[in-house]
Trainee: 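First the structure, which I've put down as structure tokens, then a few questions once you've had a look.
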Amino acid sequence: GRHLTRNAREASLLTGLAFDKTGDRLSPSHAVKNGRRYRYYISHRLMQDTCNKGDGWRLPARALEQAVIEALCGLLRDEQRLVEQIGASSPDATQIRHALTSAEELADRLFTASSDEQYRLLHRLITRIDLAHGELRLRVDRPALIGALDAGQGRSKDHEAGGAIDLIIPFSLRRRGVEARLILSARDRASHTAAPDPVLVQMIAAAHRAHQILISGEAASINDLAEITGQHPSDITRLMHLAYLAPDIIEAILDGRQPTELTAQRLKRLYPLPTDWSEQRQRLGMTVPGDR
């Protein structure tokens with residue numbers, strides 16, 4: 001664990017958690033081509049020279065890790081399901097709100113944390129990931145989740161007894177030999193972002209309107225712009241940087257294809273975003289064009 005999370009160039013977050021449909025452990029591996037490092041999770045039997053190499057799995061690590069993180073963050077942000085799962089029996093509104101706030105903060109941490117912290121959080125909350133035909137099945141440790149949210153008081157005995165929450169992620173694979181590219185299914189993406197988020201879209205539009213007012217000369221400063229738009233200068237400053245998002249990020253938001261964690265509230269909290277588009281995509285959890 002120390003080697004993987006501290007000394008490796010890029011931590012393999014799911015080491016020890018993921019298994020293929022035969023029950024074989026998926027182990028981290030990598031290849032270097034033209035000076036570029038590609039990470040994978042492969043069936044352990046593929047590492048054996050004497051095994052049949054035709055029935056194993058080799059999945060791109062970044063896509064698999066992102067799918068797992070998005071699924072877990074989706075649970076943390078699904079207030080209705082979360083309340084059901086943590087088991088507030090005769091719910092105290094203050095306790096529930098505390099748990100939901102903690103869940104949102106945990107989702108933010110999981111999404112933006114260093115690989116070291118992501119590794120620790122995933123291994124604390126997830127007991128097993130199974131790769132079956134057409135789906136990934138995550139087993140979330142319910143007591144660990146309750147503990148992470150400080151939601152122990154007020155839960156029912158039935159939920160104390162229950163040890164796991166199952167999350168299922170539909171996907172498809174495009175194979176080329178033992179190489180496989182993981183593709184989240186359309187219905188899975190629809191469950192996350194069935195339609196564009198109107199608040200997020202309006203915020204992006206407002207950022208571009210403010211930017212246009214400023215560069216047109218109608219406003220000479222942020223203070224002038226704040227007066228024209230009726231907003232506080234600090235709010236204008238936080239809004240303006242969204243006008244410099246990468247075009248593909250803006251397109252994804254307009255199409256409703258952004259990660260489920262990328263809400264207007266969270267985007268505001270990420271100020272300031274880097275100006276480099278590649279760093280923006282990494283910070284927001286967006287797929288980098290051409291990334292394997």
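Keep in mind that what you see is a predicted model, and the values were worked out from it rather than measured. Residue numbers count from 1 along this sequence. What's counted below: heavy atoms across the whole structure, side chains too, no hydrogens, waters or symmetry copies.
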Trainee: I'd like to know whether Leu242 forms a side-chain contact (heavy atoms from CB on, under 4.5 Å) with Leu273, so could you lay out the CA-CA distance, the side-chain angles of the two residues, the decisive distance to 0.1 Å, and finally the verdict.
Mentor: CA-CA 8 Å; Leu242 300 180; Leu273 285 170; 4.2 Å; yes
Trainee: Side chain of Arg142, backbone of Gln85: donor and acceptor closer than 3.5 Å?
Mentor: yes
Trainee: List in chain and number order the residues that pass side chain to side chain donor-acceptor pair (under 3.5 Å) with His211, two or more places apart in sequence or in another chain; answer none if no residue qualifies.
Mentor: Tyr244
Trainee: Can you measure from NE2 (His98) to CG (Leu149) and round to the nearest 0.5 angstrom?
Mentor: 8.0 Å
Trainee: Any chance you could measure Leu138, atom CG, to Leu75, atom CG, to the nearest 0.5 Å?
Mentor: 10.0 Å
Trainee: Can any side-chain N or O of Gln231 pair as donor or acceptor with the backbone N or O of Ala226 at less than 3.5 Å?
Mentor: no
Trainee: Which pair of heavy atoms, one from Thr237 and one from Tyr271, lies closest together, and at what distance?
Mentor: CG2-OH, 3.1 Å
Trainee: What I want to find out is whether Glu279 reaches Arg281 closely enough, with some N-O distance under 4.0 Å, to be called a salt bridge.
Mentor: no
Trainee: Between the main-chain N or O of Ile169 and the side-chain N or O of Glu135, is there a donor-acceptor pair closer than 3.5 Å?
Mentor: no
Trainee: Using distance alone, with no hydrogens and no angle criterion, decide if Asp20 and Thr22 have a side-chain donor and acceptor under 3.5 Å apart.
Mentor: yes
Trainee: Check this for me, if you would: do Arg45 and Asp24 make a salt bridge, where the nitrogen-to-carboxylate-oxygen distance has to be below 4.0 angstrom?
Mentor: yes
Trainee: Under a 3.5 Å distance rule, please check whether Glu117 uses its side chain to pair with a backbone N or O of Leu110 as donor and acceptor.
Mentor: no
Trainee: Has the side chain of His241 got a donor or acceptor atom that lies under 3.5 Å from a matching backbone atom of Arg238?
Mentor: yes
Trainee: Sub-3.5 Å donor-acceptor pair from the side chain of Arg25 to the main-chain atoms of Gly16, do we have one?
Mentor: yes
Trainee: Test side-chain contact (heavy atoms from CB on, under 4.5 Å) on Leu131 and Leu59 and set out the steps.
Mentor: CA-CA 11 Å; Leu131 175 69; Leu59 297 172; 3.8 Å; yes
Trainee: Calculate, to the nearest 0.5 Å, the distance between atoms CD1 and CG belonging to Ile236 and Asn223 respectively.
Mentor: 10.0 Å
Trainee: Would you compute the distance between atom OH of Tyr119 and atom OG of Ser114 and round it to the nearest 0.5 angstrom?
Mentor: 13.0 Å
Trainee: Which atoms form the tightest heavy-atom contact between Ala148 and Leu125, and what is the distance?
Mentor: CB-CD2, 4.1 Å
Trainee: Using modelled atom types and a 3.5 Å cut-off, is there a donor and acceptor pairing between side-chain atoms of Ser221 and backbone atoms of Asp224?
Mentor: yes
Trainee: I need the minimum non-hydrogen distance between Gln118 and Ala113, along with the two atoms involved.
Mentor: CD-O, 3.7 Å
Trainee: Ile126 and side-chain contact (heavy atoms from CB on, under 4.5 Å): which single residue from Val68, Leu14, Asp141 fits?
Mentor: Val68
Trainee: Can you tell me if Ser43 uses its side chain to pair, donor with acceptor, with the backbone of Trp57 under 3.5 Å?
Mentor: yes
Trainee: Should Leu76 and Leu145 be marked as a side-chain contact (heavy atoms from CB on, under 4.5 Å) after you check the CA-CA gap, both sets of side-chain angles, and the distance that decides it?
Mentor: CA-CA 9 Å; Leu76 292 170; Leu145 177 61; 3.7 Å; yes
Trainee: Evaluate His30 against Tyr40 for side-chain contact (heavy atoms from CB on, under 4.5 Å), listing each step before the verdict.
Mentor: CA-CA 6 Å; His30 74 274; Tyr40 302 96; 5.5 Å; no
Trainee: State which residues pass salt bridge (Lys or Arg N to Asp or Glu O under 4.0 Å) with Arg81; sequence neighbours excluded, sorted by chain then number.
Mentor: none
Trainee: Not counting sequence neighbours, which residues clear side chain to side chain donor-acceptor pair (under 3.5 Å) with Arg283? List them please.
Mentor: none
Trainee: As an exercise, state the distance from CG of Asp255 to CD1 of Ile253, rounded to the nearest 0.5 Å.
Mentor: 10.5 Å
Trainee: Relative to Tyr41, does Arg58 satisfy both conditions: NZ or CZ under 6.0 angstrom from the six-membered ring centre, and within 45 degrees of the ring's axis?
Mentor: no
Trainee: Any ion pair linking Glu79 and Arg97 (charged N to carboxylate O, less than 4.0 Å)?
Mentor: yes
